[in-house]
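Letters go in sequence order (proteins before strands), and every chain restarts at 1. Remember, it's a predicted structure, so these values are computed and weren't measured experimentally.
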2 protein chains.
Amino acid sequence: MEEIHLIFARNLKAIREKEKLSLEKVSQLCGVSKTMIGQIERGESSPTLTTIWKIATGLKVSFTALIHQPQSETEVVLKKDIPVLSEDNGKYRVYPNFPFQEDSRFEIYTIEIDQGGQLSAEGHKEGTEEFITVFAGELMICVNDHNYTLKSGDSIRFKADRPHDYRNAGDTLTKLGMTIYYPNER
Amino acid sequence: MEEIHLIFARNLKAIREKEKLSLEKVSQLCGVSKTMIGQIERGESSPTLTTIWKIATGLKVSFTALIHQPQSETEVVLKKDIPVLSEDNGKYRVYPNFPFQEDSRFEIYTIEIDQGGQLSAEGHKEGTEEFITVFAGELMICVNDHNYTLKSGDSIRFKADRPHDYRNAGDTLTKLGMTIYYPNER
DNA sequence: GTTATTTGTACGTTATATCGTCCTAAATAA
DNA sequence: TTATTTAGGACGATATAACGTACAAATAAC
């Protein structure tokens, strides 16, 4: 996922050029210094909410138009580029492959659990569901006071808005894919 | 119009309380310091775009949900509270009564022009239209190389995406109401 | 009632967003 | 060409966003 301020940068510049405005002109229209507009466009600055508002209002464009990412056809995410999150002294590792996005409303993780590794999660937001598939090793998962043991190829889906925990009770590395779905509010 | 960071503040706090989360919890979910979350909620801080993104993503709420202003039934704007914009050495004064909003897509001004006062405006964004009504005095307006003289009670509408200018050629103060409409992009 | 734990705020420090001025290169005019 | 404007970026100063720690009040545990 491209950094949000770079998306903003590109959108702002595109709008400015489409309207054939100079930095100076945009500066006047928005009440934001020319320098700042320039820095934002170059992705050197992550503007403040009030600045964002001034720009949107000054340019008469929607807030959304400035932060919208035109979905590219294809996006490749290499494991080596994903910032890994560690729990349980590094025995439980989370790789966020695809972060949450408000349109799709789910996120996708890969998780590795070393022998004996474990994680207890409190419930997520109400309505949340998890979809897990095991790709290697064995997974013991406890939710609603039920224990389930899954082996490679097995899957489970459950309401994740309550406490639950994952454990590798086997004797090899466990790998699994996890998709978390957050239904729309209201 | 309430300041944007106060709207954000209220929305954030409302969401947090609805989910029954502590500042600490929100901090963890979003990767933003507890202190910062607190300051934002109290309206003491105007968060950075990256911080806004972290909050939206961490809370799994839309960007829009955070900046949405539930339109109140009624809003009173007193002239004395409007920051006046002066041109032509103070002889041309602009009062922004209602600023641009992306849903309604227009803004409403009141303008006062002293005797002899004048303003030349370059064209606004393409498609823009102006709706003017004179409430006192006399207005001379030039657009598309045409001159129009309006007296109290008269109105004019014209495409404002080209240069135009206003002038008080009479001998009393001119007052007028102006609505500028910016059609949706595309 | 006392002790812990949790929750929100105050404070001091650092990072950085924002502004104004100056500078360089390109575009336009003379 | 030379002069003049314009457009974008560099630099230094200031305001403030963001962080970590410490504190006070409230809540929970005993």
* Asked: Which residue lies toward the 5' end of DNA chain C, B:Gly38 or B:Thr50, if each is placed at its nearest nucleotide?
  ->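 The residue whose closest nucleotide sits nearer the 5' end is B:Gly38.
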
* Measure from the side chain of A:Leu23, starting at C-beta and using heavy atoms only, and say which of C:dC19, C:dA17, D:dG9 lies closest. =>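 Of the options given, the side chain of A:Leu23 lies nearest D:dG9.
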
* **Side chain of B:Arg42 (C-beta onward), nearest among C:dA10, D:dA18, C:dG20** =>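 Selected nucleotide: C:dA10.
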
Separation of atom [atom1] in [X] from atom [atom2] in [N], rounded to whole Å:
{"X": "A:Glu41", "N": "C:dT18", "atom1": "CD", "atom2": "C1'", "answer": "16 Å"}
{"X": "B:Met36", "N": "C:dA10", "atom1": "CE", "atom2": "P", "answer": "13 Å"}
{"X": "A:Lys54", "N": "C:dT18", "atom1": "NZ", "atom2": "P", "answer": "8 Å"}
{"X": "A:Glu44", "N": "D:dG8", "atom1": "CD", "atom2": "P", "answer": "15 Å"}
{"X": "A:Glu24", "N": "C:dC19", "atom1": "CD", "atom2": "C1'", "answer": "13 Å"}
{"X": "A:Glu122", "N": "C:dT6", "atom1": "CD", "atom2": "P", "answer": "12 Å"}
{"X": "B:Lys20", "N": "C:dT6", "atom1": "NZ", "atom2": "P", "answer": "19 Å"}
{"X": "B:Gln28", "N": "C:dG8", "atom1": "CD", "atom2": "P", "answer": "13 Å"}

* Asked: According to a strict under-4.0 Å criterion, is A:Arg16 in side-chain N/O contact with OP1 or OP2 of D:dG8?
  ->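 Indeed, a polar side-chain atom of A:Arg16 lies that close.
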
* For D:dA18, take OP1 and OP2 only and decide whether either is under 4.0 Å from a side-chain N or O of B:Thr48. =>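 Yes, within the criterion.
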
* To do: Determine whether any donor atom in the side chain of A:Thr35 lies under 3.5 Å from an acceptor atom in the base of C:dG20, or the reverse, and answer yes or no.
  =>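 In this structure, the two groups form a donor-acceptor pair.
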
* Does any donor-acceptor pair link the side chain of A:Lys34 with the base of C:dG20 at a separation under 3.5 Å? ->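 Not at all, since no donor on one side and acceptor on the other fall under 3.5 Å apart.
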
[X] atom [atom1]: more than 12 heavy-atom contacts under 6.0 Å:
{"X": "B:Asn89", "atom1": "CG", "answer": "no"}
{"X": "B:Arg157", "atom1": "CZ", "answer": "no"}
{"X": "B:Gln28", "atom1": "CD", "answer": "yes"}
{"X": "B:Glu24", "atom1": "CD", "answer": "yes"}

* Asked: Is A:Gln39 touching bases, backbone alone, or none of the nucleic acid, heavy atoms closer than 4.0 Å?
  ->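 Base contact - A:Gln39 has a heavy atom under 4.0 Å of at least one base atom.
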
* Should A:Glu19 and A:Lys60 count as an ion pair when the cut-off is N to O under 4.0 Å? ->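 A:Lys60 and A:Glu19: not salt-bridged.
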
* Asked: Starting at the 5' end of DNA chain D and moving along, which residue's nearest nucleotide shows up first, B:Ser45 or A:Ser22?
  ->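 Nearest nucleotide further toward 5': that of A:Ser22.
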
